[in-house]
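Before any comments, here is the structure.
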Amino acid sequence: MIKIIGSVSRSNMLFYVALILLGIGAYYYHFRESRRKIIERLETVVQRRRDDLSKNVEEARRIGNKLDAQRRDWIGGLDFEQLQGELQRGHVSCAEAVRTYFYKGVLAHEKTNAVTAFILEAEQQAEELDEKAKSPSYVKPPMFGIPLSLKECLKVKGYDTTRGFVQDAYKPSTEDSIQIEHYKKLGLIPFCQTNVPQSLLSYNCSNPLFGTTTNPYDKTRTCGGSSGGEGALIGAGGSLIGIGTDVGGSVRIPCHFTGTAGLKPSKMRFAHRGGGASVPGKPLIDANDGPMAQDVKTNVEFLKNVWGDIDFQSDRDPYCPPVHWNESLYSSEKKLRIGYYIDDGWFTPTPALQRAVLESKKHLEKAGHTVIPFYPPRLTEVIKLYFRAVCLDGGQYVLNKLLKDMIEPTIRFQTTIWMIPTWVQRALSYPITLVFPRLGVLMSSLTRDTFELREAYADIEAYREEFVGLMMKDNLDVILCPASIMPAPQHDIPSKVLCGVSYTCLYNLLDFGAGVVPVTKVNKSDEEKLINEYPETDKWYQITKSATIGAIGMPIGVQVAAPPFREEAVLRTMREIELAITGK
Ligand SMILES: CCCCCCCC/C=C\CCCCCCCC(=O)NCC(=O)O
């Protein structure tokens, strides 16, 4: 080699270097030019889509205004259970319910930019149900006439599922997914779709197609993600019940940020045929759809009806086992054994989140349950395994889509990471670990080869066994823990603190059922504690601390989790916390 190099003359050497530089320059120029053309073409799509949305919102407003304001206010003031009762008794018609929620949805959308489309056919669906209900032989389904909001990525016939990618606008689904079919059968009326972050792999809520969705409590803060549009809409009173999806916290984080309640069931409890995913083909990081509502009570009523009739989904998707609502688990009188933690050893949550867990612990103890410390093992390893298994191709699938799209500025950081070859990241991780150990963990997390990926899957399986083994050793029914690391931060923070999903992504890696219930709001003494005691030992802690300063009044939830098929125990615990706090 040295001989060859030695034999190349200096001028030849310069020639080759110039050739290489020219090649790189030409590649870069070609890349920039093709990106420019893509963006130019997509900008017109964005404009058209936003114009269409404005018209769609005006139409929803017109439909909402068909109803007398006094009547609308009265219907809009009913909670889920009350509206359900009035619809069943025929005191409120389905058309009235839908018009009311078009009106309330428009108001919430104006406040938060939560809606990507109102499903205008909902009015006709409501009128048809009202017509059917005139027949004395008609038996009303249990959720007859209740308007249902849906995260944009769920397949509804005639509507897009862009996941925030402009390239996927105007490609409507040709069928409803099995779940949507089921919800309609149970009487629910899908009336709008809600916003998401581009790619769904983020816990903020911005994309180049529909823009940013804001938190109903504070416009400068995010509603969370990726089911952020649902959180914002429900939190602002624009829907009573909605469906999100969750592969790392996307139901639970928006619930925590917006003061709403929701559940991510374990994967097998719903049918997935005809559904969509952020990254298809990633076994062992189990995603599921899940309900979100203003309270736990509504989630319970919804799931009782859906799982009570789960054969509808199992018959159409044999991979969904016919596991019915387990009433004896939900309403058991047997006192629970609950494991709790306020710090997972990876990322200390800000004081309000720790306080919420301790307050919930007290409520549960007062109700007679035993609450004991529990330490989830080796969270640093879990974080590495999670990122490795969620970006199992090193982020290639999402990156390929992003490079054909306009890229949302708030996910540019992770896009850049995905562009750096894994071996370079791995090499950089060594020096980075010396100054910023936690970043070093992330930099060494993406998959280098299939051998490493197989090992990661084996490690996840072993971790699942270890975790349930620990729970069984202490006879634990459920786990109580923080819902996140902080209250709703500003819109750009989630992509700067990507690893802030440790409290939620753990339960996707374990495929547990996990839910979030609102417990408290950030107060002055939380802020004092934050300023005086919260760690500042690395960049992520510094960002989290400064994002939490000024969050007084923002909602705080807690998380409850349990192994698969024990979602009813999770809901029972969440409901007991809710009852103790709200008295209703
Ligand atoms: C510094 C190195 C970073 C390496 C890895 C960066 C890659 C980031 C990829 C994913 C971030 C995951 C955040 C998950 C948030 C919640 C997502 C979610 O639940 N989505 C719902 C869904 O997909 O249906």
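Sequential numbering from 1 along the given sequence is applied to the chain's residues. In listed order, ligands and their atoms are each counted from 1.
Ligand-side atoms of ligand 1 in range of Thr245: 21 (C), 22 (C), 24 (O), range being under 4.0 angstrom from any heavy atom. Which parts of ligand 1 touch Cys391 is read off a 4.0 Å heavy-atom cut-off, strictly below it: atoms 7 (C), 9 (C). Less than 4.0 angstrom separates some heavy atom of Trp418 from each of these atoms of ligand 1: 7 (C), 8 (C), 9 (C). Heavy-atom contacts of Gly249 reach the following atoms of ligand 1: 19 (O) (cutoff under 4.0 Å). Listed by atom number, the atoms of ligand 1 under 4.0 Å from Asp246 heavy atoms are 19 (O). Atoms of ligand 1 lying under 4.0 Å from at least one heavy atom of Ile417, given by number and element, are 1 (C), 2 (C), 3 (C), 4 (C). Those atoms of ligand 1 with a heavy atom of Ser250 less than 4.0 angstrom away are 16 (C), 17 (C), 18 (C), 19 (O), 20 (N), 21 (C).
Closest protein heavy atom to atom 6 (C) of ligand 1: Leu498 CD1, 3.7 Å. In this structure, atom 14 (C) of ligand 1 lies nearest to the protein heavy atom Tyr386 OH, 4.0 Å. Among protein heavy atoms, the minimum distance from atom 11 (C) of ligand 1 is reached at Phe387 CE2, 3.6 Å.
Under a 4.0 angstrom heavy-atom cut-off, Ala287 registers as lying outside contact with ligand 1.
In this structure the side chain of Lys545 never reaches within 4.5 angstrom of the side chain of Thr350, judged on heavy atoms. Between Phe302 and Ile146 the shortest side-chain heavy-atom distance does not fall below 4.5 Å. Residues Pro489 and Pro494 meet the side-chain proximity criterion, which asks for heavy atoms closer than 4.5 Å.
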Take Glu567 and Arg269, measure what salt bridge (charged side-chain N to carboxylate O under 4.0 Å, His left out) needs, and give me the verdict at the end.
CA-CA 9 Å; Glu567 281 76 11; Arg269 290 211 74 171; 3.0 Å; yes
Salt bridge (charged side-chain N to carboxylate O under 4.0 Å, His left out) for Lys185 and Asp309? Distances and angles first, verdict last.
CA-CA 10 Å; Lys185 179 206 168 217; Asp309 187 48; 2.7 Å; yes
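Counted within 6.0 Å of NZ on Lys304, heavy atoms from surrounding residues, nucleotides or ligands total more than 12; the atom is thus considered enclosed. Heavy-atom neighbours of Lys171 NZ from other residues, nucleotides or ligands within 6.0 Å: above the threshold of 12.
Electrostatic pairing of Lys384 and Glu455 does not count as a salt bridge here, judged by no charged N lying under 4.0 Å from a carboxylate O. A salt bridge links Asp176 and Lys184; the closest N-O separation between the charged side-chain nitrogens and carboxylate oxygens is under 4.0 Å.
Taking only nitrogen or oxygen atoms, main chain and side chain alike, Leu201 does not reach within less than 3.5 Å of ligand 1.
In this comparison of Gly248, Gly395, Ser278, Ser202, the heavy atom closest to atom 23 (O) of ligand 1 sits on Ser278.
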